[in-house]
Structures are given as structure tokens and as C-alpha cells.
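On a predicted model such as this, the values are computed, not experimentally measured, just so you know. Here is the naming used below: chain letters follow the sequence lines, and residue numbers restart at 1 for every chain.
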There are 6 protein chains.
Amino acid sequence: MPFVNIRITREGATKEQKERLIQGVTDLLADVLGKNPKTTFVIIDEVDTDNWGIAGESVTELRKK
Amino acid sequence: MPFVNIRITREGATKEQKERLIQGVTDLLADVLGKNPKTTFVIIDEVDTDNWGIAGESVTELRKK
Amino acid sequence: MPFVNIRITREGATKEQKERLIQGVTDLLADVLGKNPKTTFVIIDEVDTDNWGIAGESVTELRKK
Amino acid sequence: MPFVNIRITREGATKEQKERLIQGVTDLLADVLGKNPKTTFVIIDEVDTDNWGIAGESVTELRKK
Amino acid sequence: MPFVNIRITREGATKEQKERLIQGVTDLLADVLGKNPKTTFVIIDEVDTDNWGIAGESVTELRKK
Amino acid sequence: MPFVNIRITREGATKEQKERLIQGVTDLLADVLGKNPKTTFVIIDEVDTDNWGIAGESVTELRKK
């Protein structure tokens with residue numbers, strides 16, 4: 001019964017891409033650890049680039065460089 | 001000083017229902033563990049059904065079945 | 001299919017108390033939002049008092065006062 | 001390679017304030033633990049006041065008092 | 001720069017299995033969203049079965065049935 | 001009433017360093033956003049290097065290079 005939280009910047013991931021992430025992670029946990037897909041949860045959080053920092057700056061600022 | 005994070009799909013929980021969740025969890029921690037309500041935090045995250053997967057599919061797709 | 005994460009300090013919660021937290025939160029989500037207990041996940045994290053801060057100090061220090 | 005998640009109520013934090021949080025936390029981890037800023041991630045989550053509870057009530061209700 | 005948190009019960013996942021989870025999730029994010037592996041973080045949390053509940057019971061109890 | 005979760009690898013952070021992180025983050029939130037230290041929570045999670053991945057490998061492996 002794994003729980004997976006994927007956090008990405010909000011930059012236009014499509015519904016189809018999110019379905020692929022959900023399917024891919026669920027398959028991975030079944031393959032590697034034998035986890036039951038029926039009780040595998042995946043939550044994708046999309047985070048505004050103003051709210052995600054790396055190297056001391058927001059991604060909004062980093063994208064300008 | 002417990003911290004509780006409740007994650008649900010964004011499907012119309014009302015403000016009154018969210019108040020009941022906050023009150024209920026806070027009472028539970030006081031009853032079971034004697035935790036002080038004044039320093040009990042509860043955060044409710046509502047997640048789009050496209051972004052929540054179970055059994056390898058998004059809840060959006062599961063709801064169609 | 002809610003997901004609940006309860007974080008408490010590691011100060012001797014018993015297995016029986018943890019069962020009561022799991023049951024209580026699951027019931028609450030069924031009562032308030034009609035959520036199916038079968039797909040309600042609860043994870044309890046117990047955090048060392050050195051690693052939990054409030055008011056600018058660790059709980060270890062606060063407990064000494 | 002620290003990961004920091006800051007959760008605050010959504011009450012008008014500006015982009016400039018969020019930049020200061022990102023910079024400040026990144027500097028703190030470099031100063032105290034020698035962590036490399038290049039691989040320090042900071043994510044700020046802004047939470048609606050209806051969805052944040054303390055002392056058994058939402059912040060929305062607490063703000064009215 | 002995705003961040004992925006995988007939570008599983010603590011039931012003997014090996015170092016090699018954890019390496020495969022880390023590699024697999026990192027590849028998935030590169031394949032589906034073009035994310036740079038160099039700034040993809042994965043954290044695996046292993047949770048005691050007493051501390052993970054589903055359907056109102058701990059996994060410890062469910063495993064006995 | 002901010003909540004901050006700092007995740008670092010478990011590589012010997014001392015109690016004194018953790019106190020400095022707690023104090024530093026609490027001060028930062030007071031300085032930048034005027035948040036009340038009394039209701040600022042900080043939780044530090046120390047993660048085994050086998051369980052933290054970056055660039056598709058665990059930190060355990062990266063440290064060997």
C-alpha cells in the first residue's frame with residue numbers, strides 16, 4: 001500500500017502526462033517490491049514557480065537567466 | 001503539539017465539513033494522547049482528481065467507470 | 001481515498017493508542033465526507049523531541065522548563 | 001541536498017517576501033550544516049485559511065475573533 | 001527539479017531495491033516530462049507497520065488476518 | 001502559524017545544530033512575514049543516505065565517488 005507524492009513545478013503538465021506518471025510509478029512499485037497496484041496511491045502536486053526555490057532563488061527568477 | 005495533514009480529492013467539501021474535520025481530529029488527539037488543542041495544527045489539502053492516482057489511474061478516469 | 005499524516009513527538013504512544021488514532025480518523029472521514037474506509041490511509045510519524053521545534057526551541061528544551 | 005517545505009496561510013505573501021524566505025532558508029542550511037545551496041530545494045505551500053486549523057477551528061474563524 | 005517522496009511499510013526493502021526505485025522514478029520523470037535527472041530528488045520513507053493504517057486498522061493487524 | 005519541514009540526510013547533525021536550524025527558521029518567518037514564533041512549528045527529518053536519491057542514485061553511492 002505505497003503512497004507516492006510527486007512534486008513538480010506548474011508549467012503545463014498535461015492530463016495525459018499525469019496519467020503516465022501515475023501508471024509508471026504504480027508499475028514500478030509492483031515490479032520492484034511486488035506492491036499491489038489497487039492500494040497504491042499517487043498524488044501529484046504542481047507548485048507555482050514563485051514558490052519553488054533552488055540555489056537560493058525562485059524558479060521564476062532562474063528561468064529568466 | 002501534533003501536526004495533521006489530511007489530503008482529500010477536491011470534490012466539493014464545504015467549509016462546514018472542513019470545520020468538522022478540524023474539530024474532530026483535534027478532539028481525537030486530545031482524547032487518545034492528551035494533546036493540547038491549542039497547539040494542534042490541521043492542514044487540509046484538496047487535490048484535483050487529475051492529480052490523484054489509485055490502481056494506476058487518475059481518480060478522474062476511475063470516476064467515469 | 002483520503003490520506004492522513006499524523007505527526008506527533010516520539011514520547012511513548014502505545015500500539016493501542018495508535019490503533020485508536022487510525023480508527024478514529026478513518027471513522028471521522030467516513031462520517032463527515034462519506035469516504036470509504038477501505039481506501040483511507042493513515043500514517044503516523046513519531047518525531048524525536050530534538051527534531052521538533054516550537055517557538056524557536058526544540059521540544060527537548062521546552063520540556064525542561 | 002536539503003529539502004525544505006514551508007507552509008503558510010494564503011494571506012498575501014508577495015513574490016519578494018517568498019524570495020527572501022527561499023534565500024534565507026538556503027543560507028541558514030549553508031551556515032549551520034555546510035549544505036550546498038545548489039542542491040537546496042525550498043517549496044512554499046500557501047494554504048487557504050478555511051483549510052488550516054488550530055485549536056480546533058479554522059484560521060478563517062479565528063481571524064474573526 | 002522534481003521532488004518525489006515514496007512511502008512504504010518497513011518490511012525489508014533492500015538497498016538494491018531502493019536503488020531501483022530511485023533510478024526508476026528519476027527515469028520516469030525524464031521520459032514523461034523531460035525533467036533533468038541531476039535535480040531530481042527522491043526520498044523513501046519506511047514506516048513501521050504499527051504506524052500505517054488502512055481500512056481503520058494498522059497494517060500489523062491486517063497482516064495477521 | 002507556519003509549519004516548516006526540513007529534510008536532511010542523516011549524517012551526524014548535532015543537537016546544537018538542530019537548535020540553530022529551529023531558531024533560524026523561526027526568526028526568518030518572523031522577520032519576513034511577521035509570523036508569531038509561538039505558533040511556528042519546525043520538524044527536522046533525518047533520512048538515511050540509502051533512502052535519498054539524486055540524479056538517479058542514492059546518496060550512499062554518490063558519497064563513494
Legend entry - Residues in residues 34-46 of chain D near chain A [non-hydrogen atoms, under 4.5 Å]: Pro37(D), Lys38(D), Thr40(D), Phe41(D), Val42(D), Ile43(D), Ile44(D), Asp45(D), Glu46(D)
Legend entry - Distance, nearest 0.5 Å, that separates NZ of Lys15(D) from CG of Asp48(A): 12.0 Å
Inset, instruction - Name, in order of residue number, those residues of residues 17-33 of chain A that have a heavy atom at a distance of less than 4.5 Å from a heavy atom in chain D; otherwise write 'none'. - result: none
Inset, instruction - Anything in residues 56-65 of chain A with a heavy-atom distance to chain D below 4.5 Å? Please list those residues in order. - result: Gly56(A), Glu57(A), Ser58(A), Thr60(A), Glu61(A)
